[in-house]
Amino acid sequence: MENDINNNAITNASNPIIDGKAPHLKCTKQDISDIVLLPGDPRRVRMVGSLCDNFHIIAENREYTIGTGIYNNTCITVCSTGIGASSTEIAVLELIELGAKALIRIGGTGALRNDIQLGDLIINTGAVRRGGASKFYAPIEYPAIASYEVIQVLVDACKKNNQRYHLGISGSVGSFFAGQGRQILGKDFNSDAVLNEYINLNVLNLEMESETIMTLGSIFGVITGSICAVHANRITDEWLVNFEEPQLNMCKIVLDACVDLYNKLKI
């Protein structure tokens, strides 16, 4: 029940839905499609939108930009998550509350194998849970795994588009520098040991959001997946300065996968 104190509306702090809108995403149930793509970067929302018909931005607030459009007669929503687990947690849970049924991360990543080239795509089947936020929802033994339905359509879309892709487990880490084995500001936080641990576990790539999406999706009963363009290779020590082209290519492929997913599941 809302009160009025000094002309300021007050509502419930535990779940402050205001005028039917989620508190951070500023969207209603009517704004969100069944399938939602989750880039980290707000600018990538408009990149996906450039490939859709009737695309429009619904809301922009903090790191969250949300838009919806039509691709091959399929309604698709895109919502940026910002960087890391904490902001991703908020986006994922508000989207699920608004009715999303499938959440697919579309991002950039650093590869941990010599044979993976810059511009390749990585489809993660699961993730090492080192993001941080998901530990509040499930013990660390609870797995972060992608839904097989999403993995299948992403693989099929890569094959259809003759795109090089790789399947495997990501290290999903709540740190860009020390947590991913980078030296910073003249200090070395055991960087070689950090990278070697992931390499010895046959972890394919490092990124920052997938495990949060996968874990929360499993807990709350929505299907999830993750596909990332390779911006860096930590083994060859290469960083792609301009990665717009591989990102756009990834967006095209994932949109094809979304159409396939929608038709198969009839969600």
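Side-chain atoms are counted along with the backbone in the values below, which use heavy atoms only and exclude waters and symmetry mates. We're numbering straight along the sequence, starting at 1.
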Donor-acceptor side-chain pairing of [X] and [Y] below 3.5 angstrom:
X: Ser210; Y: Glu207; answer: yes
X: Ser172; Y: Glu209; answer: no
X: Asp256; Y: Tyr71; answer: yes
X: Asn61; Y: His24; answer: no

Sort and list the pairs that fulfil side chain to side chain donor-acceptor pair (under 3.5 Å) and have at least one residue in residues 29-40, not counting sequence neighbours.
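Those involving residues 29-40 are Thr28-Gln30, Thr28-Asp31, Ser33-Thr77, Asp34-Lys101.
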So how far is it from [X] [atom1] to [Y] [atom2], rounded to the nearest 0.5 Å?
X: Asn263; Y: Cys258; atom1: CG; atom2: SG; result: 11.0 Å
X: Leu103; Y: Leu38; atom1: CG; atom2: CG; result: 5.0 Å
X: Glu89; Y: Ile213; atom1: CD; atom2: CD1; result: 12.0 Å
X: Glu211; Y: Ile140; atom1: CD; atom2: CD1; result: 6.5 Å
X: Ile223; Y: Ile151; atom1: CD1; atom2: CD1; result: 11.0 Å
X: Asp53; Y: Cys75; atom1: CG; atom2: SG; result: 11.5 Å

If you draw the axis of the six-membered ring of Tyr142, does the NZ or CZ of Arg129 fall within 45° of it and under 6.0 Å from the ring centre?
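Because its charged atom misses either the 6.0 Å distance or the 45° angle limit, Arg129 does not stack over Tyr142.
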Mark yes when over 12 heavy atoms from residues, nucleotides or ligands other than Ile199 sit less than 6.0 Å from its CD1; otherwise mark no.
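It does: Ile199 CD1 has more than 12 such atoms within range.
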Heavy atoms of other groups near Lys135 NZ, more than 12 under 6.0 Å:
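For Lys135, atom NZ is not crowded (no more than 12 foreign heavy atoms under 6.0 Å).
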Any residue meeting ring-ring contact (aromatic ring centres under 6.0 Å, His included) with Phe243, in chain and number order, not counting sequence neighbours
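So Phe243 forms a ring-ring contact (aromatic ring centres under 6.0 Å, His included) with His231.
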With distance as the sole test, does [X] use its side chain to make a donor-acceptor pair with the main-chain N or O of [Y] at under 3.5 Å?
X: Tyr64; Y: Ser87; answer: yes
X: Arg182; Y: Phe176; answer: yes
X: Asn202; Y: Leu204; answer: no
X: Asp188; Y: Gln183; answer: no
X: Glu94; Y: Leu25; answer: yes
X: Asn205; Y: Gly171; answer: no
X: Thr65; Y: Ser80; answer: no
X: Asn249; Y: Glu245; answer: no
X: Asp120; Y: His166; answer: no

Decide side chain to side chain contact (heavy atoms under 4.5 Å, CB included) for Ile32 and Leu95; before the verdict, give the C-alpha distance in whole Å, the side-chain angles of both, and the deciding distance to 0.1 Å.
CA-CA 8 Å; Ile32 303 300; Leu95 286 167; 3.9 Å; yes
Applying the side chain to side chain contact (heavy atoms under 4.5 Å, CB included) criterion to Lys252, which one of Val254, Leu255, Leu248 satisfies it?
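Result: among Val254, Leu255, Leu248, Leu248 is the only option passing the side chain to side chain contact (heavy atoms under 4.5 Å, CB included) with Lys252.
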Atom of Met214, atom of Thr224 and distance for their closest heavy-atom approach:
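Residues Met214 and Thr224, closest heavy atoms: CA-OG1, 3.6 Å.
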Taking NZ, NE, NH1 and NH2 as the nitrogens, is one of them in Asp156 or Lys264 under 4.0 Å from a carboxylate oxygen of the other?
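A salt bridge is present here (some side-chain N lies under 4.0 Å from a carboxylate O).
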Determine whether Arg43 and Glu60 satisfy the following criterion, salt bridge (Lys or Arg N to Asp or Glu O under 4.0 Å), listing intermediate values before the conclusion.
CA-CA 11 Å; Arg43 292 176 300 178; Glu60 294 180 275; over 6 Å; no
